[in-house]
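Data block below; observations after.
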Amino acid sequence: MWHFNRHSQVSPESVAAVRDAEKSLKEAQAGSVPAEAKLIESRRVTEQLKAHNRANAYSDLIEGIVLGRLRNG
């Protein structure tokens, strides 16, 4: 049976990979707060636009009814 020597040193590539992964994780975690804030703002604006469109549709309906009555009345 052959006996191979075990390397007790960690390769520089693996150290660099771990360091890069930790840096990437920190950047992603730091960037998640502004991204979440933008998402919340986007959802708020979307809801405001939907509410505005509903109100505008009701306004158009009422205006049509009133103008129709004035024309027929």
Side-chain angles (χ1 to χ4, degrees):
M1 186 176 228
W2 291 349
H3 294 282
F4 296 99
N5 292 335
R6 294 190 70 187
H7 297 284
S8 61
Q9 294 180 338
V10 179
S11 70
E13 293 86 3
S14 66
V15 172
V18 168
R19 186 175 53 244
D20 290 343
E22 289 172 348
K23 181 181 175 185
S24 178
L25 176 63
K26 287 178 184 177
E27 289 174 354
Q29 288 173 338
S32 68
V33 173
E36 187 173 343
K38 287 181 182 180
L39 178 62
I40 291 170
E41 178 68 13
S42 174
R43 288 180 178 162
R44 186 183 65 79
V45 169
T46 300
E47 289 302 316
Q48 285 180 339
L49 287 172
K50 285 180 182 178
H52 175 76
N53 288 340
R54 279 192 302 271
N56 197 25
Y58 288 128
S59 177
D60 289 346
L61 176 67
I62 292 170
E63 183 178 333
I65 292 170
V66 169
L67 292 177
R69 287 186 180 169
L70 290 177
R71 287 184 191 147
N72 293 333

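We use all heavy atoms of the structure for the numbers below, so side chains are in, but hydrogens, waters and symmetry mates are not. Here, residue 1 is the first one in the sequence, and each next residue gets the next number.
Counted within 6.0 Å of CD on Q48, heavy atoms from surrounding residues, nucleotides or ligands total more than 12; the atom is thus considered enclosed.
Two residues are said to be in side-chain contact when any heavy atoms from C-beta on lie closer than 4.5 Å; R44 and E41 meet this criterion. K23 has its side chain out of reach of R19: every pair of non-hydrogen atoms, C-beta onward, lies at least 4.5 Å apart.
Atom CG of N56 sits about 11.5 Å away from atom CG of L49, to the nearest 0.5 Å.
Taken together through direct or relayed side-chain contacts under 4.5 Å among Ile, Leu, Val, Met, Phe, Trp and Tyr, V18 and L25 form parts of separate hydrophobic clusters.
Formation of a donor-acceptor pair under 3.5 Å by the T46 side chain with backbone atoms of S42 is found in this model.
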